[in-house]
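Structure record follows, encoded as structure tokens.
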Amino acid sequence: MPLHGKGSAPNANRRKNTMNVLPRKINFLETEEKWQQIWEEEGINRYDWDDETRPVYSIDTPPPYPSGDFHMGNFLNWTYFDIRARYKRMTGYNVLFPQGWDCHGLPTEVAVEKAKGIKKSDVPPDIFRKMCEEWIEQYIAKMKTAVMRLGASIDWTTEYRTMEPEYMRKIQLSFLKLYEKDMIYKGEHPINWCPRCETAIADAEVEHEHKQGKIYTIPFMTDSGEVLIATTRPIYLPACVALGVHPDDERYNQLIGGKATVPYFGQKVPIIANDEVDPEFGTGAMMICTYGDKADVVAVARFNLPVIKLIDGKGTLLEVAGKYAGMSIADGQKQLVKDMREADLIKEEKQLDQEVGLCWRCSTAIEIVTALQWFMRTISLTDKVVETANAITWYPDWMRQRLIDWATGLDWDWVLSRQRVFATPVPAWYCNNCGKIRLAKPDELPVDPRVTSINDTCECGSTEFVPDTDVMDTWFDSSMTCAIHAGWPDKPNWERQFPASVHPSGQDIIRTWAYYLMVRHLALFDETAYDSVLINGMVLGGDGRKMSKSLGNFVSTPEVFEKFGADAPRQWAAAGGSTGTDIPFRWEDVEYGWRFMRKLWNAARFAGMRLEDYDGGYAEPQLIDRWIMTKLQKTIKRATEAMENCDFMNATEAARNFIWHVFCDHYLEAAKTRLYGEGDPKEAAQWTLYNGLRDMLKLMAPVTPHLSEEIYRTMYDPNNSITVAEWPKYDEKLVDEEAERIGDMIIAAISSIRTEKNRRGVSLNAPVVKLTIYAGENAGDIEQGAQDIKDTLKVEELEILGGSGGEAVIEEYEHIGYSMNL
RNA sequence: GGGCCGGUCGUCCAGCCUGGUUAGGACGCCGCCUUUACGAGGCGGAGGUCGCAGGUUCAAGUCCUGCCCGGCCCA
């Protein structure tokens with residue numbers, strides 16, 4: 001036995017004060033709010049910017065868009081990174097857990113327009129901005145309340161808003177630095193365009209949807225007769241610049257090099273060989289227009305074809321569309337199809353299931369147009385992105401592929417500029433005379449060129465400048481967080497907090513958040529933005545379908561808080577499914593968490609009562625004490641490994657199952673009689689209980705911080721928080737394999753006999769006049785637990801024999817039989 | 001069409017990477033027990049040929065191949 005002698009109490013200092021006993025009744029909801037307040041007052045969640053001893057763990061908390069609704073999906077995310085933050089604090093890290101709000105964006109503009117009954121163009125940009133800023137504060141307040149009610153261990157001294165001048169300064173500065181590095185440029189390129197929002201949008205902002213559409217077969221005239229093409233968008237005929245056929249397609253390849261005449265509009269276009277044309281699709285010949293779809297973009301670039309502008313920013317057809325000019329695309333197409341039918345130029349019409357790109361904000365069908373926009377170079381960084389994605393850690397591992405697939409599938413650089421108001425302005429003016437760009441200088445930031453004019457002289461001698469009226473994609477605000485959280489560019493030691501240790505993200509926004517962060521920081525610092533990515537899945541309704549109000553499976557977060565507070569649903573979030581997978585919200589899981597809290601509370605209350613006179617002393621642990629300690633060590637090991645891997649489910653399950661079904665169900669029952677007694681057997685049980693329970697509270701602390709704290713401060717240490725106490729260490733000295741083997745046998749015997757008592761309709765407490773156990777070769781083992789068996793089962797006379805016999809056998813130990821007289 | 005994930009008791013979820021005792025847990029269902037931590041509890045029971053078909057192996061829920069179904073993302 002590794003442990004000997006009274007007084008040599010490992011991990012337990014002799015206590016002077018008696019232990020406080022927990023009250024029978026407890027209002028968990030009030031308790032939680034109490035601790036949230038105390039933690040804030042004590043500042044225990046603050047990052048220590050000056051501490052150079054502890055290793056840093058920095059969390060790249062994604063600043064949410066303050067919609068005002070902290071939904072159960074948010075609940076899941078914040079629980080994930082809060083568990084991570086708390087676990088890391090307990091394992092010795094200086095944890096930076098910041099919180100920001102990603103304020104800019106169209107939804108606020110729309111909401112303000114509606115609320116004030118104005119259009120954004122009715123008032124100057126700075127006035128409209130102010131309205132948006134005021135508007136969004138109410139939503140930030142709501143979101144913040146929810147984050148705090150969850151018990152997220154945020155360092156609120158770090159709180160920031162992306163709409164603040166100070167934040168915009170940093171974003172604009174990064175813009176200038178990227179421009180200096182030639183990573184940002186202004187150019188004319190085909191881009192996705194939302195005709196309703198009248199703004200450029202990035203690939204990542206395009207949603208795809210299947211729609212039933214029509215495909216029309218239309219004849220083009222060539223020197224050797226008609227060639228039929230199939231198109232879903234005949235309205236693009238005026239912008240047709242070529243006819244493409246596959247070079248191996250024997251129906252058409254003799255036409256290559258010749259000309260074709262566009263029906264109805266009459267322009268002549270070249271017939272070119274394009275191996276990307278699918279001879280199986282439609283008629284096998286494809287018209288190339290500017291731009292009907294992405295394939296057109298690729299073809300135009302590849303064959304150096306001219307570009308014909310067909311629509312303006314509102315999606316209205318231009319002059320080139322002839323009599324259709326001035327109509328919307330949809331109306332124009334309708335009219336054109338009608339006219340072409342009459343002219344017998346439509347040979348066939350068929351239904352086709354096609355995919356259309358939609359603006360993710362307003363669901364308007366996007367168009368592809370060519371326009372002068374700001375871009376950030378991303379395509380040239382693709383290899384570097386792939387390399388970095390492979391080098392960092394992903395929880396779970398298979399999510400890595402999502403980023404790689406996205407990055408390698410991109411066709412264009414990132415379109416940065418947007419034509420909106422409530423966003424970070426592009427810090428640039430243009431010389432009114434020669435057109436040269438005059439970028440803001442770092443000390444002029446932050447600046448809104450739409451509001452502030454520039455006092456300077458251009459190289460050409462002119463002093464007149466016009467502002468760049470573009471603003472930036474909101475992702476440009478939020479994809480700098482790893483550096484900005486770390487303190488860039490002002491804190492001299494910002495690189496101590498950089499790269500971020502973990503970037504938490506939803507699987508749905510890997511293509512945006514994770515990708516933009518990575519590419520942006522690589523471009524600026526040539527370094528990864530984060531060392532690991534923690535992915536959470538979506539929260540589904542209890543029926544396994546996507547949670548939504550229209551499906552009637554929607555659960556609001558305030559409702560959950562009101563009924564069950566934070567710690568119970570936090571257990572659902574932690575244990576509802578594997579990290580990264582979608583998890584259904586189930587009230588049953590939350591209720592189970594709530595019952596676990598009550599169970600642990602009662603067990604701790606019992607421990608407190610039996611430890612009231614405990615002075616921290618040590619007596620040689622008995623078999624069953626060593627058994628539970630061994631089981632505890634193995635639980636610590638399992639939970640720690642799971643926590644290290646962000647496997648919150650198995651970490652939580654390991655701790656909960658041990659506490660409830662091993663410690664409460666078996667150990668407390670077996671040790672109860674000793675704890676009511678006197679002397680060394682009692683002290684051994686007390687030592688085990690005192691030290692064991694403390695570790696159990698710690699194992700649960702990241703998941704149920706409020707509950708653990710309430711019990712810990714009442715029973716163990718009123719002045720120090722368990723949430724920053726040391727995480728239990730697996731202690732090999734406390735592992736006793738032999739005790740575990742024999743203990744399992746004793747517990748199995750007790751369980752079997754207890755079941756038998758139950759079967760005979762008597763309570764566990766009813767006395768057993770005589771119990772005879774026929775233990776064969778295990779008689780010596782059973783003998784070691786004789787007292788536990790007698791105590792737990794209330795046996796008056798216990799006889800342990802070798803050999804076999806008895807009226808029943810012990811489950812899982814069929815060679816051990818027993819007889820019992822009640 | 002491509003990539004990724006999933007298909008395990010009525011329901012939800014582990015287990016699969018690193019093959020090996022009667023496949024676990026929760027919810028629900030049924031039965032029993034007022035026992036000085038807990039009846040918002042305890043004890044027990046029923047319920048699964050691990051999507052299908054092959055293959056590797058002494059041994060497959062676990063590894064390999066093909067297929068089917070569902071989900072997400074992309075074209």
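Chain letters run A, B, ... following the sequence lines, proteins first, then strands; residues in each count from 1.
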- Is the phosphate of G42(B), meaning OP1 or OP2, less than 4.0 Å from a side-chain N or O of K599(A)? yes
- Carboxylate-amine/guanidinium contact R638(A) D647(A), below 4.0 Å: no
- Checking all strands, does G580(A) fall into the base, sugar-phosphate, or nothing category for heavy-atom contacts under 4.0 angstrom? nothing
- Message: For G28(B) and R586(A) - does any side-chain N or O of the residue sit under 4.0 Å from the phosphate oxygens OP1/OP2?
- Response: no
- Task: Once you apply the 3.5 Å cut-off to both distances, tell me the Watson-Crick or G-U wobble partner of G1(B), or none.
- Result: C74(B)
- Any side-chain N or O of S578(A) under 4.0 Å from OP1/OP2 of A14(B)? yes
- Item | Distance under 6.0 Å and angle within 45° of ring axis: R84(A) vs Y395(A) | yes
- Message: Applying a 4.0 Å non-hydrogen cut-off, can you work out what M609(A) is touching in the nucleic acid: base, sugar-phosphate, or nothing?
- Response: sugar-phosphate
- So does W587(A) get a side-chain nitrogen or oxygen closer than 4.0 Å to the phosphate oxygens (OP1/OP2) of C27(B)? no
- Query: When all nucleic acid strands are considered with a 4.0 Å heavy-atom cut-off, which category describes E591(A): base, sugar-phosphate, or nothing?
  - Reply: nothing
- Message: Just to be sure I understand the rule, does D397(A) reach a base, reach only the sugar-phosphate, or reach nothing, if contact means heavy atoms closer than 4.0 Å?
- Response: nothing
- Which one is paired to C17(B), where only Watson-Crick or G-U wobble pairs with both distances under 3.5 angstrom count? none
- Cation-pi between K563(A) and W594(A): NZ/CZ under 6.0 Å from ring centre and within 45° of the ring axis? no
- Message: I want to check one thing: is the phosphate of C38(B), taken as OP1 and OP2, less than 4.0 Å away from some side-chain N or O of R24(A)?
- Response: yes
- Task: Provide the Watson-Crick or G-U wobble partner of G44(B), both distances under 3.5 Å; none if there is no partner.
- Result: C30(B)
- N/O (side chain, H661(A)) to phosphate O (OP1/OP2, A26(B)) under 4.0 Å: yes
- Query: Under 3.5 Å, is there a donor-acceptor pair between the W627(A) and D744(A) side chains?
  - Reply: yes
- Message: Please classify the nucleic acid contact of W572(A) as base, sugar-phosphate, or nothing, using heavy-atom distances under 4.0 Å.
- Response: nothing
- Message: Tell me which nucleotide, if any, is Watson-Crick or G-U wobble paired with C67(B) when both distances must be under 3.5 Å.
- Response: G51(B)
- Query: Is W601(A) touching bases, backbone alone, or none of the nucleic acid, heavy atoms closer than 4.0 Å?
  - Reply: nothing
- Query: When you check the gap from the basic side-chain N to the acidic O, do K634(A) and E740(A) get nearer than 4.0 Å?
  - Reply: yes
- Task: Let me know, please, whether W398(A) or W594(A) comes out on the 5' side of the other along RNA chain B by nearest nucleotide.
- Result: W398(A)
- Query: What does D508(A) touch in the nucleic acid at a heavy-atom separation under 4.0 angstrom: a base, only the sugar-phosphate, or nothing?
  - Reply: nothing
- If pairing requires Watson-Crick or G-U wobble contacts with both distances under 3.5 Å, which nucleotide is the partner of U35(B)? none
